[in-house]
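Okay, structure first, notes after.
These numbers come from the heavy atoms of this one structure, side chains and all, not from hydrogens, waters or symmetry mates.
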Amino acid sequence: MAASDLAALAALFADESRATFLLALLDGRAWTAGELARHAGLAPSTASEHLGKLVAGGVLTEERQGRHRYVRLADPGIAHLVEDLAARSEPGPTAPPRSLRAASAGRAMARGRTCYDHLAGRLGIAITEAMTVRGLLRQDTGFALTDRGVGWFEELGVPLVRAGRRPVARGCLDWTERRPHLAGIAGAALCRHALDTGWCVRIGTERAVKVTAEGEAALHETLGIAPASLR
């Protein structure tokens, strides 16, 4: 990559409106241009201009269904880049929540959320640390599942489908906890399993997730995570 290419990519992120879009799209869903415009408080024409730049730069992909234009993050690598940048950003002065609802939503996001297609927040960190302590995951030489960890996924009945260049395990720096949580194929598979089995349920309109009673029992049984730490 030439220096000019790197500068052009960085410039796509160096706009508050576009950054707002990218953070919203970390939920892994496809959003319409109108939804993103309303979310960022922009005029539709302005939002469309920003989205055009992100699509042209390979940060987003788009598809059209009828008169609707849907966009999503181009791939997991872009999602990790957005999350890493958010985690490494120096936080400015924290403004007080505008309402009780906003404060509750912020606490829920910090407690547990999805980061594109894997679990993040205190929930993601708790799972990552428990897997490391139990010898299922290594972090000392980069993130990697151990043979025991691969067997653990097999026992859960969670397939690790290897495709493309995506690593089986990858550390993703958590923007609220400032520590790495499990991403990659294994992180995505575990998140999908947690949602499919009802260990976790989505709450609100953001990316927040909540561990259910069944999930607390399962995570305690399989990883030794204390239920109280998940609430």
Side-chain angles (χ1 to χ4, degrees), residues 1 5-6 8-10 12-13 19 21-31 54-63 70-88 112-121 123-132 134-197 199-200 202 207 209 222-223:
M1 175 181 280
D5 295 328
L6 179 59
L9 177 62
L12 290 173
F13 290 80
F21 292 166
L22 295 174
L23 288 172
L25 289 165
L26 275 178
D27 67 359
R29 295 186 301 122
W31 289 51
L54 291 170
V55 171
V59 176
L60 302 182
T61 58
E62 69 172 340
E63 62 180 81
Y70 291 88
V71 296
R72 66 171 73 244
L73 296 178
D75 55 58
I78 294 295
H80 296 322
L81 179 57
V82 174
E83 183 84 357
D84 284 349
L85 286 172
R88 296 177 188 278
R113 65 183 181 278
T114 55
C115 170
Y116 191 59
D117 62 359
H118 55 272
L119 295 170
L123 170 61
I125 295 298
I127 290 174
T128 300
E129 292 186 344
M131 290 180 68
T132 303
R134 281 171 147 34
L136 309 178
L137 178 70
R138 291 191 63 176
Q139 297 189 47
D140 54 343
T141 56
F143 266 58
L145 286 185
T146 63
D147 291 341
R148 187 175 174 184
V150 172
W152 181 75
F153 275 90
E154 291 176 350
E155 291 173 6
L156 281 180
V158 179
L160 298 176
V161 181
R162 294 166 172 80
R165 294 182 296 173
R166 191 177 192 187
V168 173
R170 180 188 185 279
C172 182
L173 187 61
D174 197 284
W175 64 266
T176 53
E177 297 300 305
R178 305 295 169 119
R179 287 180 287 169
H181 55 244
L182 177 64
I185 293 172
L190 187 57
C191 177
R192 188 165 52 250
H193 179 74
L195 291 170
D196 288 347
T197 58
W199 289 7
C200 295
R202 297 185 183 276
R207 295 182 283 138
V209 298
T222 59
L223 291 174

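The number of heavy-atom neighbours closer than 6.0 Å to CG of D140, taken from other residues, nucleotides and ligands shown, is above 12.
D84 has no carboxylate O lying under 4.0 Å from a charged side-chain N of R178, or vice versa, which leaves the two without a salt bridge. Between R202 and D27 there is no salt bridge, since no side-chain nitrogen of the basic residue lies less than 4.0 Å from a carboxylate oxygen of the acidic one. No salt bridge links R148 with E154; every basic N to acidic carboxylate O contact stays at or beyond 4.0 Å.
With contacts defined as side-chain heavy-atom distances shorter than 4.5 Å, the pair F143/T128 qualifies. For the pair C191 and T114, the minimum side-chain heavy-atom distance is below 4.5 Å. With contacts defined as side-chain heavy-atom distances shorter than 4.5 Å, the pair I185/V161 does not qualify. Here the side chains of L182 and I127 are not in contact, with every heavy-atom distance at 4.5 Å or above. A heavy-atom distance below 4.5 Å is found between the side chains of R134 and L223. The closest side-chain heavy-atom distance from E62 to Y70 is not below 4.5 Å. Side-chain contact between C172 and P180: absent, with no pair of heavy atoms (C-beta onward) separated by less than 4.5 Å. D174 has its side chain out of reach of R179: every pair of non-hydrogen atoms, C-beta onward, lies at least 4.5 Å apart.
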Decide side chain to side chain contact (heavy atoms under 4.5 Å, CB included) for L145 and F153; before the verdict, give the C-alpha distance in whole Å, the side-chain angles of both, and the deciding distance to 0.1 Å. CA-CA 10 Å; L145 286 185; F153 275 90; 3.9 Å; yes
Salt bridge (Lys or Arg N to Asp or Glu O under 4.0 Å) evaluation trace for R170 with E83: CA-CA 13 Å; R170 180 188 185 279; E83 183 84 357; over 6 Å; no
Derivation of the side chain to side chain contact (heavy atoms under 4.5 Å, CB included) call for F21 and L60: CA-CA 10 Å; F21 292 166; L60 302 182; 5.7 Å; no
Would L22 and L73 count as a side chain to side chain contact (heavy atoms under 4.5 Å, CB included) if you check the C-alpha gap in whole Å, the side-chain angles of each, and the deciding distance to 0.1 Å? CA-CA 7 Å; L22 295 174; L73 296 178; 3.8 Å; yes
Going through the checks in order, is the side chain to side chain contact (heavy atoms under 4.5 Å, CB included) test met by W175 and L85? CA-CA 8 Å; W175 64 266; L85 286 172; over 6 Å; no
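Here the closest heavy-atom approach between residue C200 and residue V209 is recorded as CB-CB, 4.5 Å. Of all heavy-atom pairs spanning A189 and V158, the tightest one is CB-CG1, 3.6 Å. In this structure, L137 and A169 approach most closely via the heavy-atom pair CD1-CB, 4.3 Å. In terms of heavy-atom proximity, A188 sits nearest to R166 at CB-NH1, 4.0 Å. Scanning all heavy atoms of the two residues, the minimum distance from R72 to G28 falls at NH1-O, 3.1 Å.
H118 and H181 have tilted rings, their planes meeting at an angle from 30° to 60° on a 0 to 90° scale.
Separation of atoms CH2 (W152) and CG (L136) is listed at 6.5 Å; rounding is to 0.5 Å. Atom CG of L119 is separated from atom CZ of R207 by 11.5 Å, given to the nearest 0.5 angstrom. To the nearest 0.5 angstrom, T61 atom OG1 is 11.5 Å from L54 atom CG.
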For a quick test of your reading: what N or O donor-acceptor pairs under 3.5 Å do the side chains of residues 74-81 make, sequence neighbours left out?
{"from": "D75", "atom 1": "OD1", "to": "G77", "atom 2": "N", "distance (Å)": "2.9"}
{"from": "D75", "atom 1": "OD1", "to": "I78", "atom 2": "N", "distance (Å)": "3.0"}

